[in-house]
> 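There's a structure below that I have some questions on.
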Amino acid sequence: MDDVKDTFRAAAEAGAHDILKLYNQQGNIINISPKLDQNTPETRYRLDVVAALCADTNMAAHLGFDIGMVEKRLQVLEKKILVEGGETPSLVYDMRHKVESFREKLEGVEHLSWLGLFKDISCGTSLQPFWNKKTSPRQSDSHHRHVFEKFKKMSCIEVTEDVRQYLRKPTFDNWQWDDSEMLILLQQMYLDLGLTTKFQIELPVLQQWLFDVYRHYNPVPFHNFKHCFMVAQMMYGLTWLINLPEVLDDLDILVLLTSAICHDLDHPGYNNAYQINARTELAITYNDISPLENHHCSVAFEILGKPNANIFRNMAQESYRKLREGMIKCILATDMAKHSEILNNFKSITPNFDFTNKEHKSLLMMILIKVSDISNEARPMDVAEPWLDCLLQEFFNQSDVEKLEGLPVAPFMDREKVSKSTSQIGFIKFVLLPLFEALGNLFPSVEKSIIMPVRAALQYYTDMHNAQEELKHRRSSKDKGRKTSQQNGSMNGEKTEQANS
């Protein structure tokens, strides 16, 4: 295997501890193994360095800093202080220690691993590998520690510009990234939007917060950490696509991204209807009013209550008050029971939308998180369809329990009454498209990127439904023909017996 690694490093002109990934012509990551198909001029693979050691001089220059220059400036400062004031302040010593520590991290290689070389992403198109109700208990502490250790080690690498640009696109494919890698990408979103600088968010605190959020997502079929990531990724993509920083405040951008990450915290895999009908503790706690969404909010601020995970701890009190108010509004807006009310209110103000109007902006932010929350059908079909499998599995799990407990069962969640095509045609036609088109009326730039793909998805499932109905019709015709033939044969047999008698 070492020879294989060296071969690929040499081909990419990569360093000994750089991180490589191999892509096919469709842009999907390929698992490098002895079973790898031989490529041809028509089926070329692409080998990219997706993370490289920052200690490299060219990389440091690319990142816009020079450690040597920083050290020289510190030396000059120390000499000046000694000449003019005598004793060197402790602050300068602390600064020198931090610079030296940073240099060690940049120059060290033991924290890097060979990621992606033997990545097996076959589970990206199947529900079974990452969810099985019988064999998937709640994730263990040891699993969480493994993810966190890998996340911390990878936090020392630099994400390439290609990956950073790809992260901004609605076509992003989550199935090619594991949990620790997705944590890195979430961190990158805060960095690239400048939120860490604007709100004085320390990187170790951001990392601890992201990990605590990760730990509070359950391994249920759909509303899991991967879903959290995809909602945040779509929100991040819309931020760049619409150029939200031009029309919203920095605090609003922080609210949107953070709300997207927190919006389904500790989701149990059973929706509000079940909570209310089963009279669960959540329903009782929140008086049947958006029990799940209120719970997600509560868990979000419970995590933020930990000093080492409070990414807002350097924020002014008034700013924090506004942020908390905004997050609560955004997360509660994801309750589909409020969908029509929010959408109709937004449509009514769109013709005269005023970005300086607080209520107008609040409605826009609710629409943005709602679009992000149910945006899977805006993605390529090979990304979106596995998510539908996950959603239906979660629905079926709930309806099975509801049947056993004698609770009402929604037809769209009943495995005996719903199919992929029937579940999506109505949802896209009456929920997704009106919502997405409402956003498109205010921001025409989303038409090509997210509205047209949703229309294509509607056509895809309509064609699927028509094909299924045609197949049923053919089978029904064959069955009728077979029965008629059998009946005719039986009648002919009776006539023959009568004639013989």
> Per the salt bridge (Lys or Arg N to Asp or Glu O under 4.0 Å) rule, what does the pair list look like for residues 232-249, sequence neighbours excluded?
Asp249-Lys361

> For the residue pair Met336 and Asn272, establish whether any side-chain heavy-atom pair is separated by less than 4.5 Å.
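No, too far: nothing below the 4.5 Å cut-off.
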
> Before you tell me yes or no, could you show the steps for Asn314 and Ile201 under side-chain contact (heavy atoms from CB on, under 4.5 Å), namely the whole-Å CA-CA distance, both residues' side-chain angles and the distance that decides it to 0.1 Å?
CA-CA 7 Å; Asn314 295 322; Ile201 301 173; over 6 Å; no

> Indicate yes or no for a side-chain donor-acceptor contact from Thr239 to the backbone of Met235 under 3.5 Å, with no hydrogens or angles considered.
yes

> Counting C-beta onward and ignoring hydrogens, is there a side-chain heavy-atom pair between Arg379 and Thr171 closer than 4.5 Å?
no

> Is there side-chain contact between Arg168 and Tyr236, with heavy atoms separated by less than 4.5 Å?
yes

> Does Lys153 form a salt bridge (Lys or Arg N to Asp or Glu O under 4.0 Å) with Glu149? I'd like the steps, not just the answer.
CA-CA 6 Å; Lys153 289 178 180 178; Glu149 288 169 3; 5.7 Å; no

> A side-chain contact here means heavy atoms from C-beta on lying under 4.5 Å apart; do Lys347 and Leu343 qualify?
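Lys347 vs Leu343: side chains touch.
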
> What I want to find out is whether Arg313 reaches Glu202 closely enough, with some N-O distance under 4.0 Å, to be called a salt bridge.
yes

> Of Tyr274, Phe412, Phe427, which meets ring pair (Phe, Tyr, Trp, His ring centres under 6.0 Å) against Phe395?
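Result: among Tyr274, Phe412, Phe427, Phe412 is the only option passing the ring pair (Phe, Tyr, Trp, His ring centres under 6.0 Å) with Phe395.
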
> Keeping the roles fixed (side chain from His360, backbone from Phe353), state whether a donor-acceptor pair exists under 3.5 Å.
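No; judged by distance alone, with no hydrogens or angles, the pair does not exist.
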
> Would you compute the distance between atom NE2 of His296 and atom CG of Leu332 and round it to the nearest 0.5 angstrom?
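Between His296 NE2 and Leu332 CG, I get 10.0 Å after rounding to 0.5 Å.
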
> Under 3.5 Å, which donor-acceptor pairs do the side chains of residues 183-193 form with other protein atoms, sequence neighbours left out?
unit_1 : atom_1 : unit_2 : atom_2 : d
Gln187 : OE1    : Gln207 : NE2    : 3.0
Gln188 : NE2    : Asp192 : OD1    : 3.0
Tyr190 : OH     : Thr258 : OG1    : 2.9
Asp192 : OD1    : Arg164 : NE     : 3.4
Asp192 : OD1    : Arg164 : NH2    : 3.1
Asp192 : OD2    : Arg164 : NE     : 3.0

> Does the His263 side chain pair with the main chain of Ala260, one donor and one acceptor, at a distance under 3.5 Å?
yes

> Is any side-chain N of the basic residue among Asp178 and Lys150 closer than 4.0 Å to the acidic one's carboxylate O?
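Salt bridge present between Asp178 and Lys150.
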
> Against Leu304, only a single residue in Leu323, Asp212, Val213, Ile311 fulfils side-chain contact (heavy atoms from CB on, under 4.5 Å); can you say which?
Ile311

> Which heavy atom of Ile331 sits nearest a heavy atom of Cys262, and at what distance?
CD1-CB, 4.2 Å

> Are Lys338 and Asp335 within salt-bridge range, i.e. N to O under 4.0 Å?
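Not counted as a salt bridge, because no side-chain N and carboxylate O are separated by less than 4.0 Å.
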
